[in-house]
**Q** 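Pasting a structure below so you can have a look.
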There are 2 protein chains.
Amino acid sequence: MTRTPKADAKGRKLSNFLCFAVYSANLAFGRAYKPILDAVGLTYTQYIAMIALSEADDQTVSALGEKLFLESNTLTPILKKLEQSGYISRTRDPADERQVRVSLTAAGRRLLDKEINASLVEATGLGDEFPIVQKSVVRLRDNLLHHTRGDSKKG
Amino acid sequence: MTRTPKADAKGRKLSNFLCFAVYSANLAFGRAYKPILDAVGLTYTQYIAMIALSEADDQTVSALGEKLFLESNTLTPILKKLEQSGYISRTRDPADERQVRVSLTAAGRRLLDKEINASLVEATGLGDEFPIVQKSVVRLRDNLLHHTRGDSKKG
DNA sequence: TGGATATAAATCGTGTCCGATATAATCGGA
DNA sequence: TCCGATTATATCGGACACGATTTATATCCA
């Protein structure tokens, strides 16, 4: 009758939580990429930041942050490291000295050209499902962000 | 002819990367849970650890780590904090002093009974798709882990 | 013009992740 | 029994993630 205090796991088992599924899938991605990225001296986050940088030159830290869902507090140290490694350049915008413009260097672009990513697509084991899962996860993320922010941001 | 050095983004746009979708969905989950968890004084990881603990009493750190895909280096500080907060108990196993047995306290169990989780399911905006996405992401994770570890662990 | 306000990065402290290592307890074999 | 492996946690250092604050620049407007 009254629920037993312990074993009322019901829909609450760890394996049933979508949040946990995403949490652990993210850990799994990091570990799958690690041996590949170690070889070129990048961390997982640094790699993702470089992909975002490959989309356009002279992006501001904020613009990059919008793509990555990160802010300057997280991005600044990452970008400084990528600069030290010689993969990106950081310069204050002469027209507005508050902003920092970030671009890939030739070395950075060469590194991305290695098609690091391709080797991991098959490791997902998703096959034809791949694009569907991807769309679902993106939608999931956007719904969560929308729910969290109360759509305070533009559009 | 030869690919243009820059704008050959092709399938390489950030939004096309499944790894980025999962990475950012995980961030989004953390942010969506934050206001709820702040109210009870838990971090996202601590909450997930407590869910795992709710499945059984007297689990070892290793057993918990297998469920969470984490090891003692990450778990120990988290469990110590949960102990300080009064939500779990940690005791050395008298039969094998190497092991630490971890359990929820009454306070910890009460906290989980609040059905914190339910309020976020709708925020995913996935509807009927929810269980399908979940299964896909779990499969994705397991495939990645399997690929990474080279199935060194017991079957 | 000049001071209040706004904006862009950077800094700081706390809490994960994770590889490498340390500590401690147990087990195995001669 | 005793010493070398093995196992279970714990510790340490580096790198994120993020709220809160700071610094520097730009803008607004009386």
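Remember, it's a predicted structure, so these values are computed and weren't measured experimentally. A note on names: the letters A, B, ... follow the listed sequences, proteins ahead of strands, and every chain is numbered from 1.
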**Q** Provide the closest heavy-atom pair for A:Gly86 versus A:Ala107 in the form atom of the first, atom of the second, distance.
**A**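 Minimum heavy-atom contact is O-CB, 3.8 Å.
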
**Q** A:Thr76 side chain: which of C:dT11, C:dA8, D:dT9 is closest?
**A**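 Of the options given, the side chain of A:Thr76 lies nearest C:dT11.
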
**Q** Applying the 4.5 Å side-chain criterion to the ILVMFWY set and letting contacts propagate, would A:Val133 and B:Ile132 be lumped into a single cluster?
**A**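 No.
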
**Q** Between A:Leu75 (CG) and C:dA10 (C1'), how many Å, whole number?
**A**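 Spelled out: CG on A:Leu75 to C1' on C:dA10 is 12 Å.
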
**Q** Looking at B:Arg98 and D:dT7, is any side-chain donor or acceptor paired with a base atom of the opposite kind under 3.5 Å?
**A**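 Donor-acceptor pair under 3.5 Å: yes.
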
**Q** What's the NZ-P distance between A:Lys80 and C:dA8, to the nearest Å?
**A**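 Distance, rounded to whole Å: 19 Å.
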
**Q** Are any of A:Thr60's side-chain N or O atoms less than 4.0 Å away from OP1 or OP2 of C:dA8?
**A**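 False: A:Thr60 side-chain N/O out of range (4.0 Å or more) of C:dA8 OP1/OP2.
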
**Q** Would you please classify the geometry between the B:Phe17 ring and the A:Tyr47 ring as parallel, tilted or perpendicular, with 30° and 60° separating the classes?
**A**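 If you compare the ring of A:Tyr47 with that of B:Phe17, the planes turn out perpendicular.
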
**Q** To the nearest angstrom, how far is A:Glu97 atom CD from D:dT23 atom P?
**A**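 Interatomic distance, CD of A:Glu97 to P of D:dT23: 19 Å.
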
**Q** A:Leu68 and B:Leu27: which non-hydrogen atoms are nearest, and at how many Å?
**A**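 Closest approach of A:Leu68 to B:Leu27, heavy atoms only: O-CD1, 4.1 Å.
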
**Q** Using a 4.0 Å heavy-atom cut-off, write out nucleotides 14-21 of chain D from 5' to 3' as B (base contacted by protein), S (sugar-phosphate only) or - (no contact).
**A** -SSBBBB-

**Q** CG of B:Asp96 versus P of D:dT6: gap in Å, rounded?
**A**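 After rounding, the gap between these two atoms is 17 Å.
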
**Q** What is the distance, rounded to the nearest whole Å, between atom CG of B:Asp93 and atom P of D:dT7?
**A**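 Roughly 17 Å, once rounded to whole Å.
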
**Q** How long is the line joining CD of B:Glu66 and C1' of D:dT9, in whole Å?
**A**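 Going from B:Glu66 (CD) to D:dT9 (C1'), I get 15 Å.
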
**Q** Quick one: closest heavy-atom pair of A:Leu144 and B:Ala32, and the distance?
**A**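 Of all heavy-atom pairs spanning A:Leu144 and B:Ala32, the closest is CD2-CB, 4.0 Å.
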
**Q** B:Tyr44 vs A:Tyr23 aromatic rings, parallel, tilted or perpendicular, using cut-offs 30° and 60°?
**A**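 If you compare the ring of B:Tyr44 with that of A:Tyr23, the planes turn out perpendicular.
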
**Q** Salt bridge (Lys or Arg N to Asp or Glu O under 4.0 Å) with B:Arg101: which of B:Asp58, B:Asp96, B:Asp93?
**A**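 Only one of B:Asp58, B:Asp96, B:Asp93 forms a salt bridge (Lys or Arg N to Asp or Glu O under 4.0 Å) with B:Arg101, namely B:Asp93.
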
**Q** Just how far, in rounded Å, is P of C:dA9 from CD of A:Gln59?
**A**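 Rounding to the nearest Å, CD of A:Gln59 and P of C:dA9 are 11 Å apart.
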
**Q** With DNA chain D as reference, determine whether B:Ala63 or A:Pro94 sits nearer its 5' end, using the nearest nucleotide of each.
**A**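 In this pair, the answer is B:Ala63.
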
**Q** To the nearest angstrom, how far is B:Leu79 atom CG from C:dT16 atom C1'?
**A**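 B:Leu79 atom CG is separated from C:dT16 atom C1' by 13 Å.
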
**Q** Examine D:dA10: is either OP1 or OP2 under 4.0 Å from a nitrogen or oxygen in the side chain of B:Arg90? Give yes or no.
**A**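 Result: yes.
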
**Q** I want to check one thing: is the phosphate of D:dA10, taken as OP1 and OP2, less than 4.0 Å away from some side-chain N or O of B:Arg92?
**A**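 Indeed, a polar side-chain atom of B:Arg92 lies that close.
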
